[in-house]
Amino acid sequence: MKLRSVRGTHDLYGHDINKYNRIYNIVSKHALLNNFIELQTPIFEFTDLFSKPLGDQSDVVLKEMYTFKDRNEDLLTLRPEYTTPMIRAAITNNLLEELPLKIYGLGPMFRRERPQKGRYRQFNQINFEVFGSSDFIIDLELISLANEILNSIIPSDKYTLNINSLGDYKNLKNYKESLSKYFNQNKTKLSIESKIKIDKNPIRILDSKNDDDIMVSKNAPKIYEFLSDECKIHYENIKKGLELYNIDYAENSNLVRGLDYYCSTVFEFKTKDLGSQDTLIGGGRYDGLIGSLGGPNIPGIGWAAGVERISMLMEEINVDEPRIHIAISDEKFKNHLIKIINYFRKNEIIFFWNYKYNLKKSLSKANFKNADFVVIIGENEFNNNFYTLKQLSTGNQFELDIDNIKKFLNDKF
Ligand code: AMP
């Protein structure tokens, strides 16, 4: 059998894992600063949790979910997104008593999409969600937090914020009806894919990347004509708030997001540097979702960031090499070696040893890696219970008792 990884999955190591760790550290720091609590959910849930709320006509539900039967016939799905599991967890763990609930999580998602640059079948998302407030201040807090996090990771000229309002569910229903009517009148000009969506999911035609669809969409009815006064005010407040936060944005009336549960404010951070998979972060309001999943009838809003896509825009990150090496001349002195290894570990001193009992090889490795000091263990050191520290830049050697090594190194660095 030839070993291979599953299509659309990838292993993480080297620069990639360094970037991931950097992203996760930055996210955790911002979460803490902004009072978001971490919530990790299992990677699989009952299929029902996803199929209805995401929309039976959404691409995710139609063709992308990894669904399987458990041995006792339960239908389970690897989570394709994080919002519904977060809501499930908030309800089942009684976390909705004090509102708003501000939570975040990070981890792998699974979608059986056609793999390409920036699109994988297992990918990692960062999610921030707020349950229980419809105040536009919360929309702004989340959008500006996404901006802040992105900006701490990649230069701000690499991405732009797009915003739109989808109105409430009633506005959206009227809008969809009007869109279906318009697209039916222009059916012959649409792509085959979009023709299928006319009656069941017409708003998805608006974000089609097909040139013919784009032409037809240009003259389609606009959502703004359907917004209630309340939704208009909410949206105006978002725009004014973004100016106060000093965040540039573009209004994009074709920004509709892929899943059925969205309403009101929707937004995406997009980049021009990744080809067609250009959305780094996507989010929006889902004011009816928590109630429809069996929770209280409270509003919600959140966003999801794609870790792979963000990391593709980052510079490579080198992790510092150990500055202290160990070189031992013979296996006979192993006990002396164990003592220094234990000492280094307890004192949190990072070191490297090449697992060879050969002074020459270990010293040449240390030279090659540009180490600062080599701890030498030979017969003299073993018999007289001390360690020789050789400074590679000068060739100077220092004979030290083990207890003095930490102070010695601290003084040198
Ligand atoms: P979505 O839940 O589709 O709005 O996705 C949110 C973010 O997750 C996107 O903006 C992407 O950055 C990322 N993402 C979604 N699907 C994939 C995928 N198949 N591969 C890699 N990243 C993805």
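It should be emphasised that the depicted structure is a prediction, and the values quoted were computed from it without experimental measurement. Counting starts at 1 for both ligands and their atoms, in listed order.
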Once you restrict to heavy atoms under 4.0 Å, what part of [X] touches ligand 1? Side chain, backbone, both or neither.
X	value
Q125	side chain
Y120	both
I310	neither

Atoms of ligand 1 less than 4.0 Å from [X] heavy atoms?
X	result
G306	7 (C), 8 (O), 11 (C), 12 (O), 13 (C)
L280	10 (O), 12 (O)
E113	16 (N), 17 (C), 18 (C), 19 (N)
R111	1 (P), 2 (O), 3 (O), 15 (C), 16 (N)

Proximity flag [X] to ligand 1, non-hydrogen atoms under 4.0 Å:
X	answer
R309	yes
R257	yes
E308	no

Exercise. If you have a sec, work out which protein heavy atom is nearest atom 14 (N) of ligand 1 and how many Å separate them, to one decimal?
Key: F123 CE1, 3.5 Å
Practice problem: Considering only non-hydrogen protein atoms, determine which one is nearest to atom 21 (C) of ligand 1 and report residue, atom name and distance to 0.1 Å. | Solution: G118 O, 3.3 Å
Quiz prompt | Centroid-centroid under 6.0 Å between Y175 and F226 rings | solution = yes
Quiz prompt | Proximity of H325 and F373 rings by center, below 6.0 Å | solution = no
Practice problem: Check the angle between the aromatic planes of Y235 and Y224 and answer parallel, tilted or perpendicular using the 30° and 60° thresholds. | Solution: parallel
Check this for me, if you would: do [X] and [Y] make a salt bridge, where the nitrogen-to-carboxylate-oxygen distance has to be below 4.0 angstrom?
X	Y	answer
D411	K407	yes
K412	D372	no
K222	E225	no
E113	R121	no

Quiz prompt | Positive for side-chain contact (heavy atoms from CB on, under 4.5 Å) with N162, one of T279, L255, N254 | solution = L255
I'd like to check whether [X] has a polar contact with ligand 1, where a contact means an N/O of the residue lying under 3.5 Å from an N/O of the ligand.
X	answer
A304	no
T279	yes
E81	no
A305	no

Exercise. Please determine, by modelled atom types, if N127 and E129 share a side-chain donor-acceptor pair under 3.5 angstrom.
Key: yes
Quiz item: Cationic tip of R323 within the cone over F413's six-membered ring, i.e. under 6.0 Å and within 45° of the normal?
Solution: yes
